[in-house]
Amino acid sequence: MSLSKYSKPTLNDPNLFRESAYVNGEWIKGTDEFFEVVDPASGEIIARVPEQPVSVVEKAIDVAYSAFKTYKNTSPRERSKWLRKLYNLMLDNLDDLATIITLENGKALEEAKGEVKYAASYFEWYAEEAPRLYGTTIQPLNPNNRVFTIRQPVGVCGIICPWNFPSAMITRKAAAALAVGCTVVIKPDSQTPLSALAMAYLAEKAGFPKGSFNVILSHANTPKLGMTLCESPKVKKVTFTGSTNVGKILMKQSSSTLKKLSFELGGNAPFIVFKDADLDRAVEQAIVCKFRGLGQTCVCANRLYVHSSIIDRFAKSLADGVKKFVLGHGLDPKTTHGCVINSDAIEKVERHKQDAISKGAKVILEGGRLPDLGPNFYAPVILSHVPPTAIVAKEETFGPLCPIFSFDTMKEVVGYANDTEFGLAAYVFSKNVDTLYTVSEALETGMVSCNTGVFSDCSLPFGGIKESGFGREGSLHGVDDYTVLKTVTIGKLPDSI
Ligand SMILES: NC(=O)c1ccc[n+]([C@@H]2O[C@H](COP(=O)([O-])OP(=O)(O)OC[C@H]3O[C@@H](n4cnc5c(N)ncnc54)[C@H](O)[C@@H]3O)[C@@H](O)[C@H]2O)c1
Ligand SMILES: O=CCCC(=O)O
């Protein structure tokens, strides 16, 4: 294949820029098949990495399986030290890791720095959880028996992640897995593999044993690599973050070996503003919630429901805030918001926008393509009085479209909010604590955020219900998905002495 020239990013530590897979402590360069990593803002090639065949994935699974036999017996304190070292190394290399995220994902540099801190926080959190895998002792009905439980690592974990948080979506899984004694085989999205490779370099420096932390790479071969992870009896757990459709594929493929699974899938978050809400706060938080990652996060507000008495003031104030955005290349210090990941994302925003307008939505901020900046730049759109029949009420836009729907009663808006097959996050703005409790308990989601638009934190159990998936990441609950609870009974004890 003709190999076009490209310039590698300028980093303080050039070693963080890797173009090889990482298996068993070795960097594996490609031989004849590669895929290119492109800066979505400039369209420039920034890296060329190997398109790995199934045989390499099978090798990665074998080495992770072999490494697990010793890694599972390492001291929890040892694992804790490796995790904390990796946390410190990520923060020491914050600027470089953020630059890599911006170049491969397109998000603004400040947002990328926030992701690195967020990603690293999972290593810190699980460095503290590693030595605290507690069991229980139980007094059985049989007086001559004693029962206790222990938590044991499930085994080799396959980790498949999306492009929107190239670093954090890996660490929230890998940190918990490594903390409890599992080994990991990570498959990043082909659009954003460089953050995973930089993390592998730092994991090696942190002291993680060979075979415990592995990164495999694929673009065209992704379905085959995914199937290999799902069908291998040596892989005991698959954890996936991405679209619901792919999650369903992986679940089917994992059924032959009854894998332990955890899925963080699609969202369709309602953002509800009651008439007694602090309007300025609600607007401010709607902006950060809706336009974090330019709308490309699974917990972004996808549908804003604002009480009919304040919807017009809310929409105008929101537009005034969004007009202050500066879209541009993420490395430009003037940029507040970057670009979307690819042209498919823009097509979807356009489709949702035109559908809502054709059904009577009012255009508050036209937004649209920004060809002078590049094919993946799209100015935010705000629509108001969107009808409930609009596609955007049902489908996740995953882009810079902000549809505002009107409502009158609590019962009505909870009905709208729950009328979706998704159930990840929801937002409620009100000064009335009864409203916050009542609505939070009525919403069919895994997470509810009250009076704040960004709630993500390594200390909370993150995850959804319905077709947004199952399992939780972060918090003390995050280890449950990477361990098995074993019950031990000691029988035939003497009645007494
Ligand atoms: N719940 C969450 O925490 C969360 C976080 C981020 C993204 N998401 C969801 O992900 C979607 C957008 O991300 P995306 O477009 O990257 O999702 P995607 O499902 O297309 O891709 C996610 C990952 O799966 C891989 N993949 C794709 N097809 C596969 C297959 N057949 N077998 C194995 N792996 C396969 C991709 O290469 C990528 O690494 C949105 O729906 C968003 O809501 C959810
Ligand atoms: O979109 C993926 C997850 C977002 C978050 O963890 O806040």
Side-chain angles (χ1 to χ4, degrees), residues 35 51 54 57 105 107 111 114-115 117-119 121-122 158-173 185-193 195-196 215-231 238-254 262-269 288-289 292-302 340-342 344-345 348 395-399 421-425 445-447 449 452-474 478:
F35 62 89
E51 175 77 73
V54 165
V57 181
N105 168 278
K107 65 179 71 173
E111 196 163 2
E115 181 185 344
K117 292 172 188 170
Y118 178 43
S121 71
Y122 284 95
I159 297 179
I160 303 176
C161 289
W163 50 262
N164 65 334
F165 286 85
S167 187
M169 294 304 98
I170 294 174
T171 64
R172 69 205 285 168
K173 300 168 184 297
V185 178
I186 298 163
K187 207 294 293 180
D189 190 290
S190 59
Q191 300 167 105
T192 56
S195 297
V215 179
I216 56 175
L217 300 169
S218 70
H219 175 59
N221 288 345
T222 291
K224 284 188 278 186
L225 268 56
M227 185 180 288
T228 304
L229 287 170
C230 292
E231 295 186 343
V238 167
T239 174
F240 168 72
T241 294
S243 63
T244 294
N245 288 341
V246 173
K248 291 178 177 178
I249 293 170
L250 298 176
M251 192 167 194
K252 285 178 187 152
Q253 290 173 348
S254 298
S262 51
F263 287 162
E264 300 286 350
L265 305 177
N268 184 6
V288 292
C289 180
R292 182 174 171 232
L294 215 61
Q296 299 173 112
T297 91
C298 59
V299 291
C300 282
N302 196 62
V340 296
I341 189 69
N342 56 35
D344 291 347
K348 191 170 190 183
E395 275 185 22
E396 180 184 46
T397 305
F398 222 64
E421 71 269 24
F422 296 103
L424 189 57
T445 56
M447 303 174 287
S449 182
T452 183
V454 178
F455 62 88
S456 303
D457 190 304
C458 63
S459 65
L460 62 83
F462 189 105
I465 60 174
K466 303 200 306 190
E467 298 212 358
S468 291
F470 45 83
R472 292 293 180 266
E473 299 181 334

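Order of listing sets the numbers, starting from 1, for every ligand and every atom in it. Numbers for residues simply follow the sequence, beginning at 1.
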Salt-bridged, Lys173 to Glu473, with N to O below 4.0 Å? yes
Set of ring-ring contact (aromatic ring centres under 6.0 Å, His included) partners for Phe422, sequence neighbours left out: none
Please report the C-alpha distance between Trp163 and Asn342 in whole Å, then the side-chain angles of each, then the deciding distance to 0.1 Å, and finally whether the side-chain contact (heavy atoms from CB on, under 4.5 Å) criterion is met. CA-CA 11 Å; Trp163 50 262; Asn342 56 35; 5.6 Å; no
Which atom pairs, one a donor and one an acceptor, fall under 3.5 Å between side chains of residues 459-472 and the rest of the protein, sequence neighbours left out?
{"residue": "Ser459", "atom": "OG", "partner": "Asp457", "partner atom": "OD1", "Å": "2.8"}
{"residue": "Lys466", "atom": "NZ", "partner": "Asn418", "partner atom": "O", "Å": "3.3"}
{"residue": "Lys466", "atom": "NZ", "partner": "Thr420", "partner atom": "O", "Å": "2.7"}
{"residue": "Lys466", "atom": "NZ", "partner": "Glu444", "partner atom": "OE1", "Å": "2.8"}
{"residue": "Glu467", "atom": "OE1", "partner": "Lys248", "partner atom": "NZ", "Å": "2.8"}
{"residue": "Glu467", "atom": "OE2", "partner": "Lys248", "partner atom": "NZ", "Å": "3.2"}
{"residue": "Ser468", "atom": "OG", "partner": "Gly266", "partner atom": "O", "Å": "2.6"}
{"residue": "Ser468", "atom": "OG", "partner": "Gly423", "partner atom": "N", "Å": "2.8"}
{"residue": "Ser468", "atom": "OG", "partner": "Leu424", "partner atom": "N", "Å": "3.3"}
{"residue": "Arg472", "atom": "NH1", "partner": "Gly464", "partner atom": "O", "Å": "3.1"}
{"residue": "Arg472", "atom": "NH2", "partner": "Gly464", "partner atom": "O", "Å": "3.3"}

Between Ser218 and Glu51, is the side-chain contact (heavy atoms from CB on, under 4.5 Å) condition met? List the steps. CA-CA 5 Å; Ser218 70; Glu51 175 77 73; 3.5 Å; yes
Spell out, as yes or no, whether a donor-acceptor pair under 3.5 Å connects the side chain of [X] to the backbone of [Y].
X	Y	answer
Thr445	Met447	yes
Asn302	Glu395	yes
Thr452	Phe455	no

Kindly compute the distance separating CD (Glu115) from CE (Met169), expressed to the nearest 0.5 Å. 7.0 Å
Find all protein N or O atoms under 3.5 angstrom from an N or O atom of ligand 2 and list the pairs with distances, or write 'none'.
{"residue": "ligand 2", "atom": "1 (O)", "partner": "Asn164", "partner atom": "ND2", "Å": "2.9"}
{"residue": "ligand 2", "atom": "1 (O)", "partner": "Cys298", "partner atom": "N", "Å": "2.9"}
{"residue": "ligand 2", "atom": "6 (O)", "partner": "Tyr118", "partner atom": "OH", "Å": "2.7"}
{"residue": "ligand 2", "atom": "6 (O)", "partner": "Arg172", "partner atom": "NH1", "Å": "2.8"}
{"residue": "ligand 2", "atom": "7 (O)", "partner": "Arg292", "partner atom": "NH1", "Å": "2.9"}
{"residue": "ligand 2", "atom": "7 (O)", "partner": "Arg292", "partner atom": "NH2", "Å": "2.9"}
{"residue": "ligand 2", "atom": "7 (O)", "partner": "Ser456", "partner atom": "OG", "Å": "2.4"}

For ligand 1, what N or O to protein N or O distances fall under 3.5 Å?
{"residue": "ligand 1", "atom": "1 (N)", "partner": "Glu264", "partner atom": "O", "Å": "3.3"}
{"residue": "ligand 1", "atom": "1 (N)", "partner": "Leu265", "partner atom": "N", "Å": "3.2"}
{"residue": "ligand 1", "atom": "1 (N)", "partner": "Leu265", "partner atom": "O", "Å": "2.7"}
{"residue": "ligand 1", "atom": "10 (O)", "partner": "Gly242", "partner atom": "O", "Å": "3.2"}
{"residue": "ligand 1", "atom": "10 (O)", "partner": "Ser243", "partner atom": "N", "Å": "3.2"}
{"residue": "ligand 1", "atom": "15 (O)", "partner": "Trp163", "partner atom": "NE1", "Å": "3.3"}
{"residue": "ligand 1", "atom": "16 (O)", "partner": "Trp163", "partner atom": "NE1", "Å": "3.0"}
{"residue": "ligand 1", "atom": "17 (O)", "partner": "Ser243", "partner atom": "N", "Å": "3.3"}
{"residue": "ligand 1", "atom": "19 (O)", "partner": "Ser243", "partner atom": "N", "Å": "2.9"}
{"residue": "ligand 1", "atom": "19 (O)", "partner": "Ser243", "partner atom": "OG", "Å": "2.7"}
{"residue": "ligand 1", "atom": "37 (O)", "partner": "Lys187", "partner atom": "NZ", "Å": "2.7"}
{"residue": "ligand 1", "atom": "39 (O)", "partner": "Cys161", "partner atom": "O", "Å": "2.5"}
{"residue": "ligand 1", "atom": "39 (O)", "partner": "Lys187", "partner atom": "NZ", "Å": "3.1"}
{"residue": "ligand 1", "atom": "41 (O)", "partner": "Glu396", "partner atom": "OE1", "Å": "2.8"}
{"residue": "ligand 1", "atom": "43 (O)", "partner": "Glu396", "partner atom": "OE1", "Å": "3.0"}
{"residue": "ligand 1", "atom": "43 (O)", "partner": "Glu396", "partner atom": "OE2", "Å": "2.7"}

